[in-house]
Amino acid sequence: MSDQDGDMEIYDLRVCVDRIEGRSVCGMAVGDYFDLTESAHLTIPEGKHFCVYALASVLPFLAAKQRELASGDWLAQDSDFICPDPGERLVMRVTRTGKRRMNSADLT
């Protein structure tokens with residue numbers, strides 16, 4: 001299937017550590033990231049890791065960030081998410097890295 005095929009458009013995302021306002025106990029650093037492509041393909045650069053707790057805090061929002069949102073939707077305006085560890089205060093930024101057409105029948 002080419003990118004011209006498909007019945008829906010979806011964004012690829014990058015979730016990147018934007019800043020750490022406390023102490024990093026999970027071993028992550030500013031600039032660490034993972035990519036979410038093709039709806040559900042999560043990749044982390046070789047030799048790197050991403051804290052499962054930080055991942056869990058942003059994961060519920062990613063499906064919405066992959067789709068076009070109304071301009072007044074708060075999620076269309078906000079891209080920063082916080083790790084749940086209050087001592088760490090790790091801030092992640094979600095950015096759209098590309099847009100692709102996909103066939104929804106391939107995803108269900």
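As the structure is a computational prediction, the values presented were derived from the model and not from experiment.
Using a distance-only test at 3.5 Å, with no hydrogens or angles considered, no donor-acceptor pair links the side chain of Asp12 to the main chain of Gly98. In this structure, the side chain of Lys65 engages the main chain of Leu75 through a donor-acceptor pair within 3.5 Å. The closest donor-acceptor contact from the side chain of Gln66 to the backbone of Leu13 lies at 3.5 Å or more, if one exists at all. Distance alone, capped at 3.5 Å, places no donor-acceptor pair between the Glu9 side chain and the Lys99 backbone. Under the 3.5 Å distance criterion, the side-chain polar atoms of Arg96 are matched with a main-chain donor or acceptor of Arg67. Side-chain atoms of Asp78 never come within 3.5 Å of backbone atoms of Asp80 as a donor-acceptor pair (strictly under, hydrogens ignored).
Here CD of Glu38 is found 4.5 Å from CZ of Arg100. Values are rounded to the nearest 0.5 Å. Here the straight-line distance linking atom CG of Leu90 with atom CD1 of Ile82 works out to 8.0 Å at 0.5 Å rounding. Atom-to-atom distance recorded for Trp74:CH2 and Leu69:CG is 10.0 Å, nearest 0.5 angstrom. The CG atom of Asn103 sits 12.0 Å away from atom OG of Ser39, with the distance rounded to the nearest 0.5 Å. Rounded to the nearest 0.5 angstrom, Thr43 OG1 and Lys48 NZ are separated by 14.0 Å. Interatomic distance, Leu36 CG to Ile10 CD1, rounded to the nearest 0.5 Å: 7.5 Å.
Side-chain heavy atoms closer than 4.5 Å link hydrophobic residues (I, L, V, M, F, W, Y) into clusters, and following such links, even through other members, never connects Val91 to Val94. In terms of hydrophobic clustering, with Ile, Leu, Val, Met, Phe, Trp and Tyr side chains grouped at heavy-atom distances under 4.5 Å, Phe81 and Leu42 are assigned to a common cluster.
For the pair Ser71 and Gln77, the tightest heavy-atom approach, listed with the atom from each and the gap, is O-NE2, 3.1 Å. Of all heavy-atom pairs between Ser57 and Pro84, the closest is CB-CD, 3.7 Å. Between Asp32 and Phe50, the closest heavy-atom pair is O-CE1, 4.1 Å.
Using a 4.5 Å heavy-atom threshold, the side chains of Phe34 and Leu55 count as touching. Counting only heavy atoms from C-beta outward, the side chains of Met28 and His49 approach each other to under 4.5 Å. Side-chain contact between Tyr33 and Met92 is absent, with no heavy atoms from C-beta onward closer than 4.5 Å.
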Just list the side-chain donor-acceptor pairs under 3.5 Å for residues 15-22, sequence neighbours left out, or say none.
from  : atom 1 : to    : atom 2 : distance (Å)
Arg19 : NE     : Glu21 : OE2    : 2.9

